[in-house]
Amino acid sequence: MSDLDLLDSAPVADESKILEGLNDSQKEAVSSPLCNALIIAGAGTGKTRVLVSRIVYLISHYQVKARNILAVTFTNKAAKEMRERIGMYLNANDTHHLWANTFHSTCLRLLRAYATQAGLTPGFLILDTDGQNSLVKRIMLDLKMDIKEIKPSEFASRISSLKEKGMRADDFQKRVNYIKYTNKKKSGTIEKLALVYSAYERICNQENSVDFAEILLRTVELLRSNSAIREIQNERFKEILVDEFQDTNSIQYELLTLLAGKNSHVMVVGDDDQSIYSWRGADYTNMKKFLNTFPDVHQYLLSLNYRSTQNILDMANTLIEKNFERVMLKNLKGNNGTGSLVSIFKCANNRVEELSVAKEIQSLKDQGVKLSDIAVLYRNNYLSFGFEQALTKAKIPYVIYGGQKFFERAEIQSALAYLKILVNKKDDTALLRIINLPARKIGPKVVESLRNISNEHSCSIIEAIEYLHEYVSSSDAAKELKTLYSKVSAFYNLYLELLSKKETMRLHEFVHHMLTLTGLYAFYSEKDAKEGKSEEDNSRYKNLGVLVSNVKEFEASVDQGEVSVDSENSAKVEDQLTLYLTNITLVSGGEINENGSAETMPFDCVNLMTIHASKGLEFKYVFICGFESEILPSSRKSSSGDNSLEEERRLAYVGITRAKEQLVISYANARTMFGKNEQKGASSFINDIVESYENSKNKPYKIVTKI
DNA sequence: GGTATAACGATTTTT
DNA sequence: TCGTTATACC
């Protein structure tokens, strides 16, 4: 046993303290024996607290070593929160050894450690959604497909969901052949998809890049096929905990079965009533599956709600009762008293709705309510516009969650593309983005010739240029190739210079240098000027500067050891730039402020967001707007799941259960949308609730008419 | 290689 | 309605 291991097993917090303040059912779950367990945790019932306490309990009571525990979440935000909360109980060493991460970073860590065995070249990069779309587009154009008929993004997302079902391109091709054989018609689209998928798979391999779904699928395949590696993980992960289990898809489920060994235990926490991502592949029936397939699953139910008043919970309970496909029926009980009645604003039209909500917020503000305690939620992003206007008019500050993300901006993506080709010269997707940006007279003709060479030699475009360079320096080179090289030589020299400079300076200095040398700074500041953008207001030039700051901040956090450079299994020390690029595609935390750090609002303001984005959050005052037919439930039929009505109901349920003290539900009888005037009226969900309380004297709501 | 014009299409979103 | 995007055309 090493010194580290001794430290590792030292008890950290005393047991009574961990269980202190928990209610009986929470205590039961936290102190569960070492076994497989399913915790069904209703909204606001302290699910994260139970998970955190359980981990601490495993270490202090069962003497499980921190390094033998794996906690998995869906979002980085949730992972970060969990690590922070656990960190308050554990010593630094335990916290360091514990794996508390998203599914994707967990898998990525394994893939980095076993890159070769997984069929990857170390240093592979992650292809984000934009990159994926542009690659699919490139493929479809090459295959002479009509990208108007089928949008590349449509195929891209279908490829992702195939991967999430564990289906590879050749599996899919076989299935398509079978369908073609049995059902002669209507196979056109899927035949095309099969072609695109197989080309996509091939190019990703060539370019040494993996998309999000690939990270999971490759890990599953690695563990499936390599029993030695699988056994190491089984040995290591004795206790596995999963948050938001209702959001797992089939590949994630399989991953869990592969990570858990015969002697491991899996504890999953979830709420089927809050499953709102099935359109993205999430399958809450995994909860039932878990119960039926894992051995001896203990079940725990948390239904005491610490968040909301009983009136709010009654609304939620009444609504969700209409769902038939629930895994576990639960009725949320609160301990915060009855509270005030839920208001249903019945508005003449959307303008009235917007003004009424703004007016109500104004009066809360006048009562001294903190604006950050207020949220305006809506089903669709485009509904935010009217509320923005009304709030602006009333001079009430607000933030919108989930606008355009910093790293998705064109200028940032271009800068990153330059960085990517320096780390991974096989990344043609990145190269094609910037080979002629800023313009350097490398048009489609030149690019085509380069791609012909790269196809011939089955190498990347940069490698093709390298090859050209060598060939041209030899005496009797063909004339066409000489002229071709002369057109790209300036770019090639730039590439070489960047490559060598990269090694001589600090990363953020290098990025700054790169932006100057490539001419991106000049290019974008000119563009800003042309469009009359003031230097300050979100100019692209400024954003490039923010990128440099962000890199600087990243460097500082690496120095402080905050970013885990995995020391176990893999002895390889990652290139810092690779690490940065991976980090921002996988862990980019949304908005970034002018200092390059994760954004927190410096002043008090109202929160505007979709109901989806509000999951996991809570606010004292919540307005759910546009609670109308065709909007909620949405009139659009989902492509895959046919239970869309139940999912929409769960979505409304999630919205309602965000509110702690006061809830306003509003709808408009008439709405101008996309220039057209439409009559909509109350959501069927409102009608259902009203009907349920028809003969009741104790209605949890009141209807307020606004004209 | 940049600009004008037409055409399109518009749930939800994390990794 | 409004923003993005592909295409045609200098």
Side-chain angles (χ1 to χ4, degrees), chain A residues 72-79 101-108 126-133 137 141 146-149 151-154 157 160-161 163-164 210-217 219 244 247-249 251-252 275-282 377-386 401-405 407-408 410 436-445 523 526-527 530-531 582-590 609-616 626 630-639 641 644 647-648 650-652 654-655 671-678:
Chain A
V72 199
T73 62
F74 273 84
T75 64
N76 291 300
K77 208 173 129 205
N101 266 319
T102 61
F103 271 103
H104 292 266
S105 14
T106 303
C107 289
L108 190 73
I126 300 166
L127 194 64
D128 63 16
T129 313
D130 276 346
Q132 195 182 8
N133 286 339
K137 185 174 161 188
L141 289 174
D146 184 3
I147 59 167
K148 271 186 185 154
E149 187 197 324
K151 282 187 296 178
S153 60
E154 162 84 22
S157 67
S160 288
S161 47
K163 287 190 184 185
E164 276 157 9
V210 294
D211 62 36
F212 290 121
E214 184 73 27
I215 295 175
L216 301 178
L217 179 53
T219 309
E244 307 273 17
D247 285 337
T248 45
N249 58 31
I251 200 84
Q252 288 160 339
S275 160
I276 55 175
Y277 285 110
S278 67
W279 50 275
R280 223 167 58 188
L377 311 181
Y378 33 81
R379 175 64 175 79
N380 302 332
N381 276 312
Y382 60 70
L383 291 171
S384 77
F385 185 67
Y401 278 60
Q404 201 197 9
K405 301 279 193 298
F407 287 104
E408 286 165 11
N436 199 29
L437 190 108
R440 43 175 82 87
K441 297 205 158 65
I442 302 180
K445 288 258 170 64
F523 177 76
E526 248 172 69
K527 222 170 178 177
K530 257 186 205 158
E531 287 170 28
T582 304
N583 217 50
I584 57 172
T585 23
L586 211 58
V587 195
S588 79
M609 66 189 87
T610 62
I611 305 176
H612 279 95
S614 75
K615 195 174 156 214
E630 284 177 63
I631 294 179
L632 182 65
S634 166
S635 55
R636 293 198 152 216
K637 48 191 188 299
S638 67
S639 43
S644 49
E647 176 139 328
E648 293 288 313
R650 291 191 292 267
L651 187 57
V654 166
R671 181 174 293 275
T672 20
M673 237 166 69
F674 306 130
K676 269 194 231 151
N677 211 341
E678 290 179 66

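We name chains A, B, ... by the order of the sequence lines, and we start the count at 1 in each one. Note that the structure is a prediction, hence the values are computed from the model and not measured.
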Separation of the C1' atoms in B:dT11 and C:dA6, to the nearest angstrom: 25 Å
Can you tell me how far P in C:dT5 sits from the matching atom in B:dT12, rounded to whole Å? 16 Å
What nucleic acid atoms does [X] come within less than 4.0 Å of, heavy atoms only: base, sugar-phosphate, or nothing?
{"X": "A:Glu630", "value": "nothing"}
{"X": "A:Asn381", "value": "sugar-phosphate"}
{"X": "A:Asn436", "value": "sugar-phosphate"}
{"X": "A:Lys441", "value": "sugar-phosphate"}
{"X": "A:Phe74", "value": "sugar-phosphate"}
{"X": "A:Lys151", "value": "sugar-phosphate"}
{"X": "A:Thr129", "value": "base"}

Correct closest heavy-atom pair for A:Ala78 and A:Thr73 would be CB-CB, 3.9 Å
How close do A:Ser614 and A:Val654 get, heavy atom to heavy atom, and via which atoms? OG-CG1, 4.4 Å
Between A:Glu647 and A:His104, whichever has its closest DNA chain B nucleotide further toward 5' is A:Glu647
Would you mind telling me which residue lines up with the more 5' stretch of DNA chain B, A:Phe523 or A:His612, judged by nearest nucleotide? A:Phe523
Just how far, in rounded Å, is [atom2] of [N] from [atom1] of [X]?
{"X": "A:Phe674", "N": "B:dA10", "atom1": "CZ", "atom2": "C1'", "value": "4 Å"}
{"X": "A:Asn133", "N": "C:dA6", "atom1": "CG", "atom2": "P", "value": "12 Å"}
{"X": "A:Ile584", "N": "B:dT14", "atom1": "CD1", "atom2": "C1'", "value": "16 Å"}

From the list [options], which nucleotide is the closest neighbour of the side chain of [X]?
{"X": "A:Lys148", "options": "B:dT15, C:dT7, B:dA10", "value": "C:dT7"}
{"X": "A:Phe212", "options": "B:dT14, B:dT12, B:dT15", "value": "B:dT15"}
{"X": "A:Ala439", "options": "B:dT14, B:dT13, B:dG2", "value": "B:dG2"}

Centroid distance under 5.5 Å and plane angle under 30°, A:Tyr277 vs B:dT13: no
Report yes or no: does A:Asp211 contribute a side-chain atom to a donor-acceptor pair with the main-chain N or O of A:Ala213 at less than 3.5 Å? yes
So, does A:His612 use its side chain to make a donor-acceptor pair with the main chain of A:Ile276 at under 3.5 Å? yes
So does A:Arg379 pair up with A:Glu648, basic N to acidic O under 4.0 Å? yes
Looking only at side-chain N and O atoms, does A:Thr672 come under 4.0 Å of OP1 or OP2 in C:dT1? no
